[in-house]
Peer 1: 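Can you keep this structure in mind? I'll have questions shortly.
Below, chain A is the first sequence line, B the second, and so on; all start at residue 1.
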Amino acid sequence: MNVRVAMRFWVRDLWEGIRSEPGRVGLSFLAVAIGFTALTLLLAVLDGLRARAQDLVRDLGANVIAVVAEPQGRDAAPVLSRRQADRLAGQLPECRCSALRRYDVRLPGDKRTSVTVLATDERLLPLRGWALEAGRNLDRRDVEEGARHIVASSALARRWGAGVGGLVSLEQVSFRIVGIMSVGGAGLEQEEGHSRLQAGELAVLVPYSAPIAWGDETPESAGRADAVFIQVPPGRAPEDLLPVARNLLEAAGVSWITPEVLLRGVRRWQQAVRLAGGSIALLCLVLGGTTLMSLMVANVRDRMNEIGLRRALGATPADVARLFTAEACLVTGLAALAGMLVAALLVEVVRRRFGVPLQLQGATLGWPVAAALVLGILFSHWPARLAARISPSEALRNE
Amino acid sequence: MTHGAAVLGMADVRKSFPSPAGRVEVLRGVDLEIRRGEFVMVTGPSGSGKTTLLNLAALLDFPTSGRLTFQGRELAGLAEDSLCDLRKRAIGVVFQRFCLLPRRTALENVLFRFRYVGGAEAETRRAALAALDTVGLAALADRPVRVLSAGEMQRVAIARAVALRPELLVADEPTGNLDAASTAAVMDCFRRLNVEGLTVLLVTHNEGLLRYATRHLVCVEGTLNP
Ligand SMILES: Nc1ncnc2c1ncn2[C@@H]1O[C@H](COP(=O)(O)OP(=O)(O)OP(=O)(O)O)[C@@H](O)[C@H]1O
Ligand SMILES: [Mg+2]
């Protein structure tokens, strides 16, 4: 059949088909659209969780294992030391290792805000994946000479009103800013139990060898580290290296944090949402589909004459079934679009108003479209078969 | 008047339907041969089986027993697809209540004849317009059918039935819903088409129409009598 003529017939048939019973079609549309709104909202929550998981891993640093000392008394013997980190670096030459000691220092004239000072070496910044916005990172010489150089977070530099080369003082010791960095997002901050990993907005890196006035070092705690980071080379999973590193470090009283550990919480949420939200969305869709189906059965009964006419003009049973299936798919397709639109609006409102990290990614929207087709085909199967099985003479009997 | 080859043949055709009280025999051994160019009219009391007979003639139903042939071909062994092909081109049907698509224009209704046949756009359009011209409605081609008079509607339905120049035109009480003037207009259409060579099988309750026919049969209790 001539394609253009066929297309025109189809468009006309579908258009008239969905207009023939506007009430029923509208009702089916509504029922199915509600299902698709639910489905799209579920996808938005899952997308949000996925994005959150990515944030978390990015904040830790790609392929990074963090070894964090558990809180302990001031005078207790250190559980982690820089020496251990150096030894580990020697034993795992393919990995990048860095240790840090963390202090909270108050800003002069501001008793409430504190700056996170990370006393470390030049390897921490690239390892954590923090970006340099200006200037340079700490280098080997800074560390060897104990230079009073710092890399400040951009928020802190803004607060100080200082740029690269500027002099600032921390607890009466003056430092020169050599670089400005953007520390990772706030992802880790919200994750319970990992607060010692976070740098916060206001942070500086100083060479661990720099003379610092605020340290509470005793001879026992000299060389102590609060955290050691190990970056596994690309292509290897941090989890695989974990047992080796555990053996080598021989540290007790520390927690081992890998991307896997960080993601555990998010994963639990993903699973819960997928199960609970998924079954709600599925139920809504099935409910919509059932409504569509029952109204279509009524439609078939009301359109007997039309079916009879089509059969008298040579339509095969398959032609008749196709017509009803196509009409159903048109309704579910349009309902899916409407449902997605409503859901997208809701997502936007919820995100703006309540700051809930919902998100909708373009590719995700392929699912509702595919689901619309499946729903249309599935739930029109019975009405379409019913229509196809009516014999032409029977369809025309009450003509 | 001489007539051509056999278009439709029935030999001892029986048709029964299941009912709560057992099977009802509606057609009880019908013998019929319609040749090309004939205008056969069937009358008979209500419930005698005329519509059942026409459904068989229009290949919309199958006999319970007996031989039904179309253009010499036995229909019993025919697959559903071949049957649909015959319905597409070889047979035109006109219904008592027109069976038009109310939202479409007269021309679009006639074009619907090509819905499952296809064809080039210009060609189908030309054929549809020619068919409308045959029934004298070329001027109303672009009117929505719901605003037409009953007689005009039935003529649109006739145009649709003949747009593909079928072998056989089957009509079940085509004037049953029409007044005298419309009836005359519609019957004139049938006569003109018949004169041009179309074979017509028509059922009516109106004895006054018998003058249009070349042969008259009476259906009584499921049998056909001259
Ligand atoms: N599908 C069917 N199932 C059961 N009975 C049927 C069926 N079709 C027709 N009948 C019965 O067959 C008989 C003949 O019906 P048919 O419609 O052929 O009569 P008719 O001669 O066309 O009558 P009318 O002049 O009133 O249109 C009727 O008693 C009808 O009830
Ligand atoms: Mg009848």
Peer 1: Counting distance only, does the side-chain N/O of B/T223 pair as donor-acceptor with the main-chain N or O of B/C219 below 3.5 Å?
Peer 2: no
Peer 1: Under a 4.5 Å cutoff for heavy-atom pairs, which residue among B/R113, B/R104, B/E121 has the most contacts with chain A?
Peer 2: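 Most pairs with chain A among the choices: B/R104.
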Peer 1: Side-chain atoms of residues 72-83 of chain B: list all donor-acceptor pairs with protein atoms under 3.5 Å, sequence neighbours left out, distances to 0.1 Å.
Peer 2:
unit_1	atom_1	unit_2	atom_2	d
B/E74	OE1	B/R67	NH1	2.6
B/E80	OE2	A/R311	NH2	2.8

Peer 1: Where on B/R160 is there a heavy atom nearer than 4.5 Å to chain A: the side chain, the backbone, both, or neither?
Peer 2: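 For B/R160, the contact with chain A is made by the side chain alone.
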Peer 1: Please classify the contact between A/R19 and chain B as side chain, backbone, both or neither, with a heavy-atom cut-off of under 4.5 Å.
Peer 2: both
Peer 1: Whether the side chain of B/R87 engages the backbone of A/A312 through a donor-acceptor N/O pair (distance < 3.5 Å, no angle test) should be reported.
Peer 2: no
Peer 1: Under 4.0 Å between a Lys/Arg side-chain N and an Asp/Glu carboxylate O for B/E221 and B/R28?
Peer 2: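 Salt bridge: no.
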Peer 1: Indicate whether the side chain of B/D142 and that of B/T105 have a donor and an acceptor atom separated by less than 3.5 Å.
Peer 2: no
Peer 1: For chain B, which residues of residues 318-330 of chain A have at least one non-hydrogen atom nearer than 4.5 Å to it?
Peer 2: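 If one takes a 4.5 Å heavy-atom cut-off, the residues of residues 318-330 of chain A near chain B are A/D319.
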Peer 1: Could you tell me whether B/R36 and B/E167 make a salt bridge, using a distance below 4.0 angstrom between a side-chain N and a carboxylate O?
Peer 2: yes
Peer 1: Any side-chain heavy atom of B/F190 sitting closer than 4.5 Å to one from B/I158?
Peer 2: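 Yes, side chains in contact.
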Peer 1: Compare every heavy atom of A/T40 with every heavy atom of A/A343, then report the nearest pair and how far apart it is.
Peer 2: CB-CB, 3.4 Å
Peer 1: Starting at CZ of B/R89, measure out to CG of A/L313 and round the result to the nearest 0.5 Å.
Peer 2: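 Reported value, rounded in 0.5 Å steps: 12.5 Å.
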Peer 1: Is any residue of residues 11-20 of chain B within less than 4.5 Å of chain A by heavy atoms, and which ones?
Peer 2: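 Under the 4.5 Å heavy-atom cut-off, nothing qualifies.
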Peer 1: Measure from the side-chain N and O atoms of B/Q154 to the backbone N and O of B/G151, and report whether any donor-acceptor pair falls under 3.5 Å.
Peer 2: no
Peer 1: Could you check whether B/E173 pairs with B/K50 (Lys NZ or Arg NE/NH1/NH2 to Asp/Glu carboxylate O, under 4.0 Å)?
Peer 2: no
Peer 1: Could you tell me whether A/E348 and A/R351 have a side-chain N and a carboxylate O separated by less than 4.0 Å?
Peer 2: yes
Peer 1: Can any side-chain N or O of B/S182 pair as donor or acceptor with the backbone N or O of B/L178 at less than 3.5 Å?
Peer 2: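 Such a contact is absent between B/S182 side chain and B/L178 backbone.
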Peer 1: Grab the two heavy atoms, one from A/E306 and one from B/L101, that are nearest each other, plus how far apart they are.
Peer 2: CG-CD2, 4.4 Å
Peer 1: Considering only heavy atoms, give the residues of residues 366-394 of chain A separated from chain B by less than 4.5 Å, sorted numerically, with 'none' for an empty result.
Peer 2: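 Against chain B, the residues of residues 366-394 of chain A that fall inside the cut-off (heavy atoms, under 4.5 Å) are A/P392, A/S393.
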